[in-house]
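In what follows, every chain begins at residue 1, and chains take the letters A, B, ... in the order their sequences are listed. Because the structure is predicted, anything quoted here is derived from the model rather than measured. Values below: all heavy atoms of this structure, side chains included; hydrogens, waters and symmetry mates excluded.
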2 protein chains.
Amino acid sequence: MLEMRLDRPGSDAVAQALIELAATFGDRLACSLAVREQHANTTTWVAGEPPDAVVFPRSTEDVQQVFRICARHCIPLIPYGTGTSFEGHVNAPFGGVSVDLKDMNRVLAVHAEDFDCVVEPGTTRNQLNAHLRDLGLFFPVDPGADTALGGMASTRASGTTAVRYGTMRDNVLALKVVLPSGELMTTSRRARKSSAGYDLTRLIVGAEGTLGIITELILKLHGIPEAVSAGVCRLPSVQACCDVAIAAIQSGIAVARIELLDEMQVRVCNAYSKLAMPEQPTLFLEFHGSEAGVVEQAERFGASAAEFGADGFDWAHESEARTRLWQTRHDVFWALRSYRAGAKVVVTDACVPISRLAACVAATKDDIEASGLVAPIVGHVGDGNFHASVLVMMEDPDEVARATALIDRIAERALAMEGTCTGEHGIGEGKRHLLVPEHGEATVGAMRAIKLALDPKGIMNPGNIV
Amino acid sequence: MLEMRLDRPGSDAVAQALIELAATFGDRLACSLAVREQHANTTTWVAGEPPDAVVFPRSTEDVQQVFRICARHCIPLIPYGTGTSFEGHVNAPFGGVSVDLKDMNRVLAVHAEDFDCVVEPGTTRNQLNAHLRDLGLFFPVDPGADTALGGMASTRASGTTAVRYGTMRDNVLALKVVLPSGELMTTSRRARKSSAGYDLTRLIVGAEGTLGIITELILKLHGIPEAVSAGVCRLPSVQACCDVAIAAIQSGIAVARIELLDEMQVRVCNAYSKLAMPEQPTLFLEFHGSEAGVVEQAERFGASAAEFGADGFDWAHESEARTRLWQTRHDVFWALRSYRAGAKVVVTDACVPISRLAACVAATKDDIEASGLVAPIVGHVGDGNFHASVLVMMEDPDEVARATALIDRIAERALAMEGTCTGEHGIGEGKRHLLVPEHGEATVGAMRAIKLALDPKGIMNPGNIV
């Protein structure tokens, strides 16, 4: 079996590389402990592993320059966007240089007539959408936080709107990528489809920075829908919420968002967002379309939900009420953080075929209860994807052990149900041990062969995936 | 630069491999010239290059057995579905064994509640859709011919419905692939989305059999729409047809199909399908949705088309009329074949950003006129993709030279307009010289590195892509 190189470069090599980087980048190279620790501070329970330095490139040429210097000395490179990954992707377990792309945040072009745009990787999704608003266009992928689009591509992110608009896999048309050799690769062109050779766009999307650094993205855009209707629907059980979602998907109701919050999560949101939602399993919904279409979809949905015991809807027809609703949903992670002072929030990411979803969530709730832990559930239930967020006191070894067992069990159940251990967060450091159980040796062997072929020195974000 | 091995195996090696294959497969190994030539008979002007033998596996284990024998002797393997490729994909330029998958044509499972199914690669799309009809489900990708689903995945096929349902890239959930080592790789699971490692599904989709042989596909299914409405709309010019399509896409009208036929193509179809359509640039259209939704979409489309000078519609409300309409469209290739007796039909495949489509088609029509050749145009204009089908007498060197120049010019223009030389047919042998002009050296270098990593002996469908 092929093996990855996983040793730390010698201190001489690091020192030499830093001298060369400093000569090129001046005060755009930071070596202070504070900045380095900031760049390992991930929203996960994986311990922070700071890089040896952080560099702030401003252009593709800058990134190529960083690669050339680091490749010469075999120094690892860790791409950094907004640091919002859940699986330790920005950690530097073998040291090296964090490449912070925050200064590469320009929207380079918008082709409104072609529904695409060209952005740098540090551009965040809110920044892009603010830029697009007056054109009647938007970029739909919405993982909650205001994340960098390069990072979203690298983790194959999705979120609340994937049920309607797809994930990053579906919404990236092409990429510019600096390869470990320092060469610049353009994966595809602006045509909507192509059969010209291997799909390197999709290979880089989800590669978690292990094959190169994205320095430009061509993204698909969508027209802001003529009408948007949103609302909240409460049901007697989490199972009923899943059943309603399944029925909606199966009957072809085009929901744009369908998000589950269990009763515990509603309590957490009430506390953080100062709301008084009844503490019941709840669906947050949104429909996009024409004025007539949205009404038709919502009515069909309402009729279906009533059959599962929904006790009416609170429709948020006004744009302001909708904003409040989705702000509450987007704040879930921060609400969890503040709910139990001092606890780490460990977000699981099971995704199963939708026919298994209700059983999977119900069994997970039983596990949570048996564990004695606090672990509210939210879910992109239209995709069969849900997150139990385990609140863990890291000082309590018994609690950490119970949390570890619970988190492993959730992943194992997803695999047993023909699902995946990660619907949208990626493997990173945190889920590397699950890659072979999920895919098998032959598949992981092929991934390793590709990694070695494109990054023979193993300098690109080592410690992630393979 | 990495180089592929491209030499023919010695005759001893071939003889030894054939003896071993015969011992294992008996009369499921064919060596007659007739069968071998059949398996090189591609619907293209690339000259036929027959394999040394054809084997007919019945299972994944059979395919693995073929791999083990052929890998041992470094014998090329050429996967064969229905032989409908346009770019010489099933040719054997270095000899070897054609692996005909026609006996692996079972629908292994349909998960109606999850909108997916599991099929063997020799299953054709019509066969699958017949199987699904009673369940209210269908598989949407429709390249015209009744092609094998394994071949459709391998060429990243699309066709008339991609504008609404996407291409094979979007509709394959997971694959089983026998790798050149003989190992079996499962690329993903039945969950709708996953971030677990490199996207090997998308790497194999479009790899044209150069990285392994697909032995099982999990495909996404869709609900048969409640209502379908189709029709024909004539416009004063090809430019106006493109403008109507662009306006429809840009205003968010959810066309399920929007197909251009230029006046020459209408004439060809009239002759073959015994119709009397006015010989004018024409759009074939289809809308899918609820009863109310289809009417709304069609009315909005009609209003928009009228602004571009459409002289009314012939709506095909009855299922029978719709079948006749799309049969006519599907018969285009055969209509072209019979239009000019003895001519080869060479189908080009430019795809450009939709804002460039009208200009691209108009310039192509000028080129066709200047060339003096017969080359009717059809187009999946909602995707920016169109085919000029050049009818060429291969005995006439002057005509062949003019055709070559025209075909090259069409590809060059697509590239100059930020498009691709192949929207849906693949690179094969026919377009290999266009891969570097399309992607650049760094990208093609990465493709070569991946090919070498997964197929170090270069036995998988050599002569295609890289």
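- The contact between Ile354(B) and chain A is made by backbone and side chain atoms together, counting heavy-atom distances below 4.5 Å.
- Counting heavy-atom pairs closer than 4.5 Å to chain B, the top-ranked of the candidates Gly440(A), Cys421(A), Ser290(A) is Ser290(A).
- Interface remark: of the candidates Ile465(A), Thr186(A), Ile249(A), Asp170(A), Thr186(A) forms the most heavy-atom pairs closer than 4.5 Å to chain B.
- For the set Pro353(B), Ala442(B), Gly428(B), the count of heavy-atom pairs under 4.5 angstrom toward chain A peaks at Pro353(B).
- Listed options Asp116(A), Asn385(A), Leu434(A), Leu179(A) were ranked by heavy-atom pairs under 4.5 angstrom with chain B; first place goes to Asn385(A).
- Atom CD1 of Ile204(A) sits about 8.5 Å away from atom OH of Tyr198(B), to the nearest 0.5 Å.
- Of the possible polar contacts, one joining the His439(B) side chain to the Ala196(A) backbone as a donor-acceptor pair under 3.5 Å is found.
- In plain terms, the two heavy atoms of Ala191(B) and Gly419(A) that are nearest each other are CB-CA, 4.0 Å.
- Residue contact with chain A, scored on non-hydrogen atoms closer than 4.5 Å, involves the backbone and the side chain of Glu438(B) alike.
- Per-residue counts of heavy-atom pairs under 4.5 Å with chain A were compared for Arg356(B), Met417(B), Arg189(B), Arg300(B); the largest is that of Arg189(B).
- Of the listed residues (Arg192(B), Met168(B), Glu183(B)), the greatest number of heavy-atom pairs within a distance under 4.5 Å of chain A belongs to Glu183(B).
- The part of Phe115(B) that comes within reach of chain A is its side chain, from C-beta onward, which places non-hydrogen atoms under 4.5 angstrom from that chain.
- The choice from Asp114(A), Leu415(A), Asn464(A), Thr167(A) that makes the most heavy-atom pairs within less than 4.5 Å of chain B is Asp114(A).
- Leu454(A) CG to Ile450(B) CD1: the interatomic distance, rounded to the nearest 0.5 Å, is 5.0 Å.
- With Ser195(A) contributing its side chain and Thr155(B) its backbone, the two residues share a donor-acceptor pair below 3.5 Å.
- For the set Glu208(A), Lys431(A), Glu296(A), the entry with the most heavy-atom pairs within less than 4.5 Å of chain B is Glu296(A).
- Each of Val177(B), Val444(B), Leu435(B), Thr420(B) has some count of heavy-atom pairs under 4.5 Å with chain A, and the biggest count is that of Thr420(B).
- Heavy atoms of Asp383(A) lying under 4.5 Å from chain B belong to its backbone as well as its side chain.
- Side-chain N or O atoms of Glu418(B) include none that pairs as donor or acceptor with a backbone N or O of Arg190(A) at under 3.5 Å.
- A distance-only check finds no donor-acceptor pair linking the side chain of Arg202(A) to the backbone of Asp199(B) [under 3.5 Å].
- Looking at Thr187(B), only its backbone comes within 4.5 Å of chain A, counting heavy atoms on both sides.
- Under the 3.5 Å distance criterion, the side-chain polar atoms of Gln250(A) are matched with a main-chain donor or acceptor of Glu113(B).
- Residue Lys193(A) is tested with Arg156(B), Arg169(B), His380(B) for a side chain to side chain contact (heavy atoms under 4.5 Å, CB included); the sole match is His380(B).
- Among Gly223(B), Gly206(B), Gly197(B), the residue making the largest number of heavy-atom pairs under 4.5 Å with chain A is Gly197(B).
- For Ile427(B), the parts sitting under 4.5 Å from any heavy atom of chain A are the backbone and the side chain alike.
- When heavy atoms are compared at a cutoff of 4.5 Å, Leu184(A) approaches chain B solely by way of its backbone atoms N, CA, C and O.
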